[in-house]
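Side chains included, hydrogens not; waters and symmetry mates left out as well; all remaining heavy atoms used.
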Amino acid sequence: MAPGSWLVDKPSETWTILKVLNWTKGYLAEKGVENARLEAEWLLSAVLGLDRVGLYVNFEKPLLPAELAAFRGMVSRRAKREPLQYILGSQEFMGLEFRVTPAVLIPRHDTEPLVQEAVNRAGNVQRVLDIGAGSGCIAVALAKLLPNATVVAVDSSEAALAMAKVNADRNGVAVRFVSSSLFEPFGGERFDLIVSNPPYIPTADLAGLQPEVREYEPMGALDGGTDGLDFYRRIVPAAPEYLNPRGWLMVEVGIGQAEAVKGMFADAGFAEVFTVKDPGNIERVVGGRICIQL
């Protein structure tokens, strides 16, 4: 069967769940989609309102015309390398579901060590600031895991903040979202914990990213300047002014950036500077503590 031939209506042809999955696996694989069979199952599960087990026990069930039409639309989008998460409209992070659109960077499991380390090291904090709220995944997860803390999140994108507010509501937490850049709106305020997953992709590397990232995710959430470190140069030296004594700053970093960012922490007067590796054994988190009286 020629790729794409089923994207036209064929009323006389019966498409069972198994037949649809098998065809879609080959079609998406030809388009360069990794894990094509698994993604086909997720897409069809969304259309039919079934989990994957439900698909397996109904392999011989034919799709209704409306179901097939909805699935065709999803597969067409994925074949153009639109991210699966944008098509489905959600992504799981730290056990929570987050609504995602092209207005926000898709939450990555690579970011979960930042949240977990913040909870492990700063579990008794009272005030938390998340710089670069995006989808709200970090701020919402911290609000969920630190129920006694006041969590504030800042972002310069109004569209991102709107999505972050939706995610805070759907996960039942209170987060104060602020439309601004970095520390600008927080003069006179201090926090016990500041976290950030800033843009850190070197500008020259953006063109080599996967199409899902390069063509669909917001460039403003990815581009970290010539060497990827522009935002760390703005965040790390400024952070002590907004931290309480013994307060923590923790940031996510890209591959090979940990040593340079650790140096920034040391230069800014942080102590207890540490790094944490992600499940891929990459140094993904850099953090430190202010140990001087401000």
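Checking Glu60 against Thr16 by side-chain atom types alone, no donor-acceptor pair falls below 3.5 Å. With hydrogens and angles left out, the side-chain atoms of Arg37 and Asn22 include a donor and acceptor closer than 3.5 Å.
Aromatic ring orientation, Tyr232 versus Tyr200: parallel (interplanar angle below 30°, classes split at 30° and 60°).
Both tests do not hold together for Arg77 against Tyr86: distance to the six-membered ring centre under 6.0 Å, angle to the ring axis within 45°.
Salt-bridge check for Glu112 with Arg284: failed, with every basic side-chain N at 4.0 Å or more from each acidic carboxylate O. Look at Arg108 and Glu217 and you find a salt bridge, because one of the NZ, NE, NH1 or NH2 atoms lies within 4.0 Å of a carboxylate O, short of that distance. With respect to Glu272 and Arg246, a salt bridge is recorded, a charged nitrogen being found less than 4.0 Å from a carboxylate O. Between Arg81 and Glu215 there is no salt bridge, since no side-chain N of the basic residue sits under 4.0 Å from a carboxylate O of the acidic one. Using a cutoff of 4.0 Å between basic side-chain nitrogens and carboxylate oxygens, Glu13 and Lys19 are scored as salt-bridged. Note on Asp227 versus Arg233: salt bridge recorded, some NZ/NE/NH1/NH2 to OD/OE distance being below 4.0 Å.
With sequence neighbours excluded, the residues that form a ring-ring contact (aromatic ring centres under 6.0 Å, His included) with Phe183 are Tyr242.
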Apply side-chain hydrogen bond (donor to acceptor under 3.5 Å, both in side chains) to the pair Glu252 and Thr111, showing each step before the final yes or no. CA-CA 7 Å; Glu252 180 176 327; Thr111 303; 2.6 Å; yes
Working for side-chain hydrogen bond (donor to acceptor under 3.5 Å, both in side chains), residues Asn167 and Ser135: CA-CA 7 Å; Asn167 285 322; Ser135 67; 4.8 Å; no
Determine, step by step, whether Trp248 and Arg121 satisfy the side chain to side chain contact (heavy atoms under 4.5 Å, CB included) criterion, reporting the C-alpha distance in whole Å, the side-chain angles of both residues, the deciding distance to 0.1 Å, and the verdict. CA-CA 9 Å; Trp248 292 96; Arg121 290 182 181 256; 3.9 Å; yes
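In terms of heavy-atom proximity, Leu55 sits nearest to Ile17 at O-CG2, 4.0 Å.
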Sequence neighbours left out, cut at 3.5 Å: what donor-acceptor pairs do the side chains of residues 123-132 make with other protein atoms?
unit_1	atom_1	unit_2	atom_2	d
Gln126	NE2	Asn124	O	3.4
Arg127	NH1	Arg190	O	2.7
Arg127	NH2	Glu189	OE1	2.9

